[in-house]
A.B. asks: 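Pasting in a structure now, in structure tokens, and then I'll have a few things to ask.
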There are 2 protein chains.
Amino acid sequence: MRTSNFTPDLTDNQRKVLDFIQRFIAIYTVPPKLQEVAEGIGISSRGVAHRYVQALVEAGYIETDSGKHRGIRLLKSNPYRPESRLPLLGEIAAGKPIEAIPGQDEIDLSEFFGHNNFAVQVKGDSMIDAGILDGDTVIIEFRETADDGDIVVALIDENETTLKRFKRSQRGKYIKLIPENSEMEPMVYEAERVRIQGVLIGQLRKY
Amino acid sequence: MRTSNFTPDLTDNQRKVLDFIQRFIAIYTVPPKLQEVAEGIGISSRGVAHRYVQALVEAGYIETDSGKHRGIRLLKSNPYRPESRLPLLGEIAAGKPIEAIPGQDEIDLSEFFGHNNFAVQVKGDSMIDAGILDGDTVIIEFRETADDGDIVVALIDENETTLKRFKRSQRGKYIKLIPENSEMEPMVYEAERVRIQGVLIGQLRKY
DNA sequence: TTGCTTGTTCTCATAATGTTCTCATTATAG
DNA sequence: CTATAATGAGAACATTATGAGAACAAGCAA
């Protein structure tokens with residue numbers, strides 16, 4: 001519970017409130033309202049929460065937009081920034097223990113969270129040979145164009161949506177949508193019938 | 001890019017509306033009308049929906065083609081989405097356009113970033129039937145015990161590390177490490193020779 | 001065109017939130 | 001012990017945010 005900030009000018013509870021506000025913002029991206037602050041530190045009075053918040057204002061840790069809902073602003077940077085990186089420990093199944101390779105590298109998932117991205121849950125086995133199983137979640141970048149070989153979310157006849165590998169015919173008149181499953185056949189459509197909704201940029205699965 | 005030092009320029013419901021509009025466009029490819037916005041956030045008044053939409057216009061998030069039906073255009077996406085969550089659009093590949101999953105409209109990846117987790121890059125095809133391909137990244141929770149059926153990172157003879165499905169023999173004297181690849185055979189070791197380093201909790205792939 | 005739908009502008013109410021108090025209780029220093 | 005600071009509850013009030021719906025204008029389709 002010890003943090004790097006040593007703040008002797010705050011009481012324990014004021015410290016607790018500041019801590020809560022920082023964590024709240026990290027999680028929800030918006031500051032808490034007084035009711036939430038109160039609950040966050042285990043009391044029931046908005047008035048008391050307000051008193052703590054004012055103390056933090058006077059101590060110079062935060063500002064408030066007086067009257068506005070969720071009007072708290074942090075003045076110093078938030079130590080609880082959400083993490084989107086993980087230590088990457090090296091390749092597995094090689095001859096050495098994992099521990100022998102200290103975390104010198106990390107993997108950054110922030111590109112998964114871009115503004116035009118969304119996640120879709122996959123139903124069915126049509127992409128099983130590409131390692132995309134029924135129930136997996138795929139991450140799609142919202143785009144209207146794709147390159148040959150991309151895996152795309154395609155809308156057919158403004159009606160049916162599928163995840164397939166994309167290929168254009170030589171003159172661009174037809175579009176071939178190729179399942180990655182040896183038991184299924186590629187489908188060919190006139191280009192006008194197919195609209196790209198997005199391109200696969202990632203895939204993930206929770207166990 | 002989102003920092004912590006700001007007061008939200010949108011109220012809770014205004015954010016909800018922005019979120020709804022983005023999701024609506026992703027699903028139906030056209031912007032919603034006010035009636036749909038109203039229903040989308042659980043109110044019945046077109047007038048109120050209009051007020052929210054106007055607030056978003058003034059905040060610079062959207063534009064409207066004044067008077068036109070479905071005249072909303074997105075300008076910038078909302079910065080209020082935490083970097084560990086993605087909008088989740090529902091299941092793909094069924095016969096219909098993507099539908100939202102009721103009750104669950106985003107996926108949260110924050111559990112991937114726990115302190116005891118690390119990422120490992122997979123080498124080889126031994127888990128290919130489980131949809132884990134060569135080059136994939138798996139997310140491991142650092143643990144020393146596992147249950148039967150878990151996929152684990154196991155260290156054999158303090159020397160060799162592999163990713164396999166874990167199974168204990170009835171008396172616990174032996175441990176079977178099962179590859180998910182029909183061309184490979186399970187391996188059996190005396191329990192002392194195998195040490196669990198972690199358990200698979202997630203898997204991801206970048207394209 | 002006609003008739004219906006949709007967007008826009010209002011007013012009126014109500015709920016939710018921030019703010020300021022008073023009063024009581026607990027912890028702590030001296 | 002007493003004095004003081006810190007804490008908690010909650011009432012009362014002001015302001016902000018929200019919701020319903022009427023009335024009218026503008027778009028849209030048959």
Side-chain angles (χ1 to χ4, degrees), chain A residues 1 6-22 24-25 27-75 158, chain B residues 6-22 24-25 27-75 78 80:
Chain A
M1 171 55 202
F6 183 51
T7 53
D9 51 338
L10 298 182
T11 69
D12 287 359
N13 277 2
Q14 288 164 6
R15 171 87 238 162
K16 208 163 146 191
V17 169
L18 179 58
D19 217 57
F20 172 79
I21 292 171
Q22 291 171 337
F24 192 99
I25 292 176
I27 295 172
Y28 299 107
T29 72
V30 290
K33 30 194 189 193
L34 291 178
Q35 179 76 52
E36 291 162 339
V37 171
E39 285 164 9
I41 63 166
I43 62 176
S44 69
S45 162
R46 270 166 25 226
V48 174
H50 181 263
R51 189 203 287 149
Y52 284 125
V53 166
Q54 282 314 304
L56 293 174
V57 169
E58 275 159 38
Y61 288 92
I62 61 178
E63 276 177 353
T64 57
D65 231 330
S66 188
K68 268 189 78 177
H69 297 184
R70 299 191 188 280
I72 294 173
R73 217 189 346 269
L74 288 178
L75 291 181
E158 303 291 326
Chain B
F6 73 110
T7 324
D9 56 352
L10 301 180
T11 68
D12 289 5
N13 277 4
Q14 287 164 9
R15 273 184 280 125
K16 209 163 148 192
V17 168
L18 179 57
D19 226 59
F20 172 79
I21 292 171
Q22 291 184 328
F24 191 98
I25 292 177
I27 295 172
Y28 299 105
T29 70
V30 293
K33 43 194 181 187
L34 290 178
Q35 179 74 50
E36 290 162 339
V37 171
E39 284 164 9
I41 63 166
I43 62 176
S44 68
S45 161
R46 265 161 35 222
V48 174
H50 180 264
R51 189 204 287 150
Y52 284 127
V53 166
Q54 281 315 302
L56 293 176
V57 170
E58 274 161 38
Y61 289 95
I62 61 178
E63 267 178 357
T64 57
D65 252 336
S66 188
K68 289 266 179 63
H69 298 182
R70 299 190 189 279
I72 295 173
R73 265 193 310 278
L74 287 175
L75 290 183
N78 75 25
Y80 296 104

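Numbers restart at 1 for each chain; the letters A, B, ... are given by sequence-line order, proteins then strands.
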A.B. asks: Just call it for B/Thr11: base, sugar-phosphate, or nothing, with non-hydrogen atoms closer than 4.0 Å on any strand.
C.D. replies: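 Sugar-phosphate contact only - B/Thr11 comes under 4.0 Å of backbone atoms but never of a base.
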
A.B. asks: Does the B/Arg70 side chain pair with the main chain of B/Pro31, one donor and one acceptor, at a distance under 3.5 Å?
C.D. replies: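 At least one qualifying donor-acceptor pair exists.
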
A.B. asks: Looking for any heavy atom pair under 4.0 Å, which part of the strands does B/Ser44 touch: base, sugar-phosphate only, or nothing?
C.D. replies: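 Touches sugar-phosphate only.
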
A.B. asks: So which heavy atom on A/Ala49 is nearest to which on A/Val37, and how close?
C.D. replies: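 In terms of heavy atoms, the two residues are closest at CB-CG1, 4.0 Å.
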
A.B. asks: If you fit an axis to the five pairs at each end of the helix from C/dT1-D/dA30 to C/dG30-D/dC1, how big is the angle between those two axes, to 10 degrees?
C.D. replies: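 The value is 40°.
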
A.B. asks: With respect to the phosphate group of D/dA6, does any side-chain polar atom (N or O) of A/Tyr52 fall under 4.0 Å of OP1 or OP2?
C.D. replies: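 A/Tyr52 to D/dA6 OP1/OP2: no side-chain N or O under 4.0 Å.
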
A.B. asks: Is a donor-acceptor contact shorter than 3.5 angstrom present between the side chain of A/Ser45 and the base of D/dG8?
C.D. replies: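 Between D/dG8 and A/Ser45, which were checked side chain against base, a qualifying N/O pair under 3.5 Å is absent.
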
A.B. asks: Using atom CD1 of A/Ile41 as one end and atom C1' of D/dA9 as the other, report the distance to the nearest whole Å.
C.D. replies: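 It is 13 Å, rounded to the nearest whole Å.
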
A.B. asks: Between A/Glu58 and A/Gln54, is there a side-chain donor-acceptor contact under 3.5 Å, judged purely by atom types and distance?
C.D. replies: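 No, no side-chain donor-acceptor contact under 3.5 Å.
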
A.B. asks: Is it the case that B/Tyr61 and B/Asn78 place a side-chain donor and acceptor less than 3.5 Å from each other?
C.D. replies: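 Short answer, no.
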
A.B. asks: Determine whether a donor-acceptor pair (N or O, by modelled atom type, separation under 3.5 Å) exists between the side chain of B/Glu36 and the backbone of B/Lys33.
C.D. replies: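 Checking the backbone N and O of B/Lys33 against the side chain of B/Glu36, a donor-acceptor pair under 3.5 Å is found.
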
A.B. asks: Across nucleotides 6-21 of chain C, 5' to 3', mark each nucleotide with B, S or - according to how protein heavy atoms within less than 4.0 Å reach it.
C.D. replies: BBBB-------BBBB-

A.B. asks: Starting at CD1 of A/Ile43 and ending at P of C/dT25, how long is that distance when rounded to a whole Å?
C.D. replies: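 Interatomic distance, CD1 of A/Ile43 to P of C/dT25: 18 Å.
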
A.B. asks: Report the distance from atom CD of A/Glu39 to atom C1' of D/dG10, rounded to the nearest whole Å.
C.D. replies: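 So the CD-C1' distance, A/Glu39 to D/dG10, works out to 15 Å.
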
A.B. asks: Can you tell me how far CD1 of A/Ile25 sits from CG of A/Leu74, rounded to the nearest 0.5 angstrom?
C.D. replies: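 Output value for this atom pair is 4.0 Å.
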
A.B. asks: Output the distance between atom CD1 (B/Ile62) and atom CD1 (B/Ile72), rounded to the nearest 0.5 Å.
C.D. replies: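 Taking CD1 in B/Ile62 and CD1 in B/Ile72, the distance rounds to 5.0 Å.
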
A.B. asks: Between B/Tyr80 and B/Asp12, do the side chains contain an N or O donor and an N or O acceptor separated by less than 3.5 Å?
C.D. replies: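 No, no side-chain donor-acceptor contact under 3.5 Å.
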
A.B. asks: So which heavy atom on A/Tyr52 is nearest to which on A/Asn13, and how close?
C.D. replies: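 Minimum heavy-atom contact is OH-ND2, 3.0 Å.
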
A.B. asks: Let me know the distance between CG of B/Leu10 and C1' of D/dA17, rounded to the nearest Å.
C.D. replies: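 Distance, rounded to whole Å: 13 Å.
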
